[in-house]
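Take a look at the structure below.
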Amino acid sequence: MAALASRGRGRRRTINEINMVPFIDVMLVLLIIFMVSAPLITTGLVDLPSVGKSRQQPDHVIHVVVGSDEKIKLKLDKAEPEPTTLKDLPLQVKQAQAGNASTPVVISADKNVKYEAVVKVMDSLQSAGIQRVGLAVKSGAAADTSR
């Protein structure tokens, strides 16, 4: 009994608990602010560039065509496009350049093709050491009507 009596007369012990009520109040106020302001935020629009007048294309151009089904075709100058694979493409382009590294390679892709497919083609060409790789775009009035 003596042990119980001495317990009540001693110093008050500090409480080691954190009061969560103010924290919850602040979080609820922030939640309400974000819920009210979120519909008012306007999303950014990306306005893609179009090409007005470009320079004349060189006489010898190698075209890499990526179709809507993501199949790759290689077209040399005015010849018919020949199907190829991503693995064989760099070797065929190097053969078509015939040692002339300044021959440009133009990638044409359907607008419904995933961006990733075009980047894979560019990456495979550039990793093979092909320097002049570009993208084909619509020019002038044709670019304005496609919007």
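The model shown is predicted, which means the values in this text are computed figures rather than measured ones.
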For this session: Would you list the pairs meeting side-chain hydrogen bond (donor to acceptor under 3.5 Å, both in side chains) in which at least one residue belongs to residues 85-97, sequence neighbours left out?
Result: Thr84-Gln92, Thr85-Asp88
For this session: With side chain to side chain contact (heavy atoms under 4.5 Å, CB included) as the test, would you mind laying out the steps for Val65 and Ile72 before giving the verdict?
Result: CA-CA 6 Å; Val65 180; Ile72 301 169; over 6 Å; no
For this session: Measure the CG-CD distance between Leu125 and Gln131 for me, rounded to the nearest 0.5 Å.
Result: 12.5 Å
For this session: Taking side chain to side chain contact (heavy atoms under 4.5 Å, CB included) as the test, write out the residues that go with Asp25, two or more places apart.
Result: Val21
Exercise. Is the count of non-hydrogen atoms from other residues, nucleotides or ligands lying under 6.0 Å from Ile18 atom CD1 greater than 12?
Worked result: no
Exercise. Sequence neighbours excluded, which residues qualify as side chain to side chain contact (heavy atoms under 4.5 Å, CB included) partners of Asp123?
Worked result: none
Acceptor/donor pairs from residues 112-121 side chains to any protein atom, 3.5 angstrom cut, sequence neighbours excluded:
none

For this session: Apply side chain to side chain contact (heavy atoms under 4.5 Å, CB included) to Glu82 and list each qualifying residue two or more places apart in sequence or on a separate chain.
Result: none
Problem set entry | Connected hydrophobic set around Leu40, excluding itself, where side chains approach under 4.5 Å | none
For this session: Check Asp110 against Gly67 and note the closest heavy-atom contact, atom names and distance.
Result: CB-C, 4.2 Å
Exercise. In the single-linkage hydrophobic clustering (I, L, V, M, F, W, Y; side-chain heavy atoms under 4.5 Å), do Val36 and Phe34 co-cluster?
Worked result: no
For this session: Taking side chain to side chain contact (heavy atoms under 4.5 Å, CB included) as the test, write out the residues that go with Ile24, two or more places apart.
Result: Met20, Leu28
Exercise. What distance separates His63 NE2 from Ile107 CD1, expressed to the nearest 0.5 Å?
Worked result: 11.5 Å
Exercise. Quick one: OG on Ser124 to CG on Leu89, what's the gap to the nearest 0.5 Å?
Worked result: 5.0 Å
Problem set entry | Closest heavy-atom pair and its distance - Lys73, Pro81 | CB-CB, 3.8 Å
Exercise. Side chains of Val106 and Val64: does their closest heavy-atom pair fall under 4.5 Å?
Worked result: no
Exercise. Leu74, Leu86: one ILVMFWY side-chain cluster at the under-4.5 Å cut-off?
Worked result: yes
Exercise. For Val29, what are the other residues in its hydrophobic cluster, where any two members join if their side-chain heavy atoms are less than 4.5 angstrom apart?
Worked result: Ile33
Exercise. Are Val66 and Ile130 connected in a single hydrophobic cluster, I mean Ile/Leu/Val/Met/Phe/Trp/Tyr linked by side-chain heavy atoms less than 4.5 Å apart?
Worked result: yes
